[in-house]
There are 2 protein chains.
Amino acid sequence: MKNRLRELREEKGLTQEELAKALGVTRQTIIAIEKGRYNPSLQLAFRMARFFNVRIEDIFIYEGENGEGR
Amino acid sequence: MKNRLRELREEKGLTQEELAKALGVTRQTIIAIEKGRYNPSLQLAFRMARFFNVRIEDIFIYEGENGEGR
DNA sequence: TAAGCATGTAAAGGAAGCTTTACGTAAAGG
DNA sequence: CCTTTACGTAAAGCTTCCTTTACATGCTTA
């Protein structure tokens, strides 16, 4: 699953730390998700969507089971 | 976080087992989520949304941090 | 009664998400 | 040079998600 977290964050001119604080998580969590190391919980995805004022589907791009859209 | 999984499943006339199979999880997972014991991963939420042809936000109702909209 | 089906509970174990702490690197400014 | 700021890695530990196995309950139907 891909995501546009970094993109959205930078559009708002926020640092990872500021975003982390706004979402109630640590900076490590933001880094891991931006880097695609893992996906957020559904809860956190909702908080992100609400924060950026978009739909979950606008942040996270689910490509189907095979993982890839190459 | 509340969800309308059971409602959507029954609209389709599916058993928990059939839905589980369609989503690639076990029946226990369906039960746990329908009963609100835990939330699905973002991945699974996407598969559900795709399966029922709705948005994630139409299945899962996020009430904010405080858990409640009382 | 018995058998089958759908739903439920419980518990143990593994995988994924998140935190905490610590350290590394690069750029910008004094 | 030194300090600060932002980004990054790594590892240990806890919590949440999910699986596997087993058993229980209620309903239907033979």
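On a predicted model such as this, the values are computed, not experimentally measured, just so you know. The sequence lines fix the lettering, A, B, ..., with proteins before strands; numbering per chain opens at 1.
- Applying the salt bridge (Lys or Arg N to Asp or Glu O under 4.0 Å) test to pairs two or more places apart or on separate chains, those with a residue in residues 7-21 of chain B are B:R4-B:E7, B:R6-B:E10, B:R9-B:E34.
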Distances under 3.5 Å only, N/O to N/O: pair up the protein atoms with those of nucleotides 24-30 of chain C.
none

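- Residues in residues 5-25 of chain A take part in no ring pair (Phe, Tyr, Trp, His ring centres under 6.0 Å) pair, two or more places apart or across chains.
- Side-chain contact between A:L23 and A:L44 is present, with heavy atoms from C-beta onward closer than 4.5 Å.
- In this structure, A:I31 places its CD1 atom 13 Å from C1' of C:dC23, rounding to the nearest Å.
- The ring pair (Phe, Tyr, Trp, His ring centres under 6.0 Å) pairs that include a residue from residues 20-47 of chain A are A:F46-B:Y62, where partners are two or more places apart or lie in different chains.
- Across all strands shown, C:dG30 forms a Watson-Crick or G-U wobble pair, both distances under 3.5 Å, with D:dC1.
- Less than 4.0 Å separates DNA chain D from at least one heavy atom of each of the following residues of residues 6-16 of chain A: A:R6, A:R9, A:T15, A:Q16.
- Between A:R27 and A:T15, every side-chain heavy-atom pair lies at or beyond the 4.5 Å cut-off.
- Hydrophobic clustering places A:M1 together with A:I30 (ILVMFWY residues linked when any side-chain heavy atoms are closer than 4.5 Å, directly or through intermediates).
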Item checked: Nucleic acid footprint by protein, nucleotides 25-30 of chain D - heavy-atom cut-off 4.0 Å, B for base, S for sugar-phosphate alone -> ------
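- B:I30 places its CD1 atom 17 Å from the C1' atom of C:dT9, with the value rounded to the nearest Å.
- Listed by chain and number, the residues in a side-chain hydrogen bond (donor to acceptor under 3.5 Å, both in side chains) with A:T29 are A:T26 (sequence neighbours excluded).
- Looking at A:N39, its side chain never comes within 3.5 Å of a backbone N or O of B:Q43 through a donor-acceptor pair.
- Between the CD atom of A:E34 and the P atom of D:dC7 there is a distance of 8 Å, given to the nearest Å.
- When the P atom of C:dT7 is taken as reference, atom CG of B:L5 falls 12 Å away, rounded to whole Å.
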Listing, residues 51-58 of chain B side-chain donor-acceptor contacts under 3.5 Å, not counting sequence neighbours, or none:
{"from": "B:R55", "atom 1": "NH2", "to": "B:D58", "atom 2": "OD1", "distance (Å)": "3.4"}
{"from": "B:E57", "atom 1": "OE2", "to": "A:I56", "atom 2": "N", "distance (Å)": "3.1"}
{"from": "B:D58", "atom 1": "OD2", "to": "B:R55", "atom 2": "N", "distance (Å)": "3.1"}

Could you list all N or O pairs between the protein and nucleotides 12-17 of chain D that sit under 3.5 Å apart?
{"from": "D:dC17", "atom 1": "OP1", "to": "B:N39", "atom 2": "N", "distance (Å)": "3.3"}
{"from": "D:dC17", "atom 1": "OP1", "to": "B:N39", "atom 2": "O", "distance (Å)": "3.1"}
{"from": "D:dC17", "atom 1": "O5'", "to": "B:N39", "atom 2": "O", "distance (Å)": "3.3"}

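- The side chain of A:T29 places an N or O atom within less than 4.0 Å of a non-bridging phosphate oxygen (OP1 or OP2) of C:dT19.
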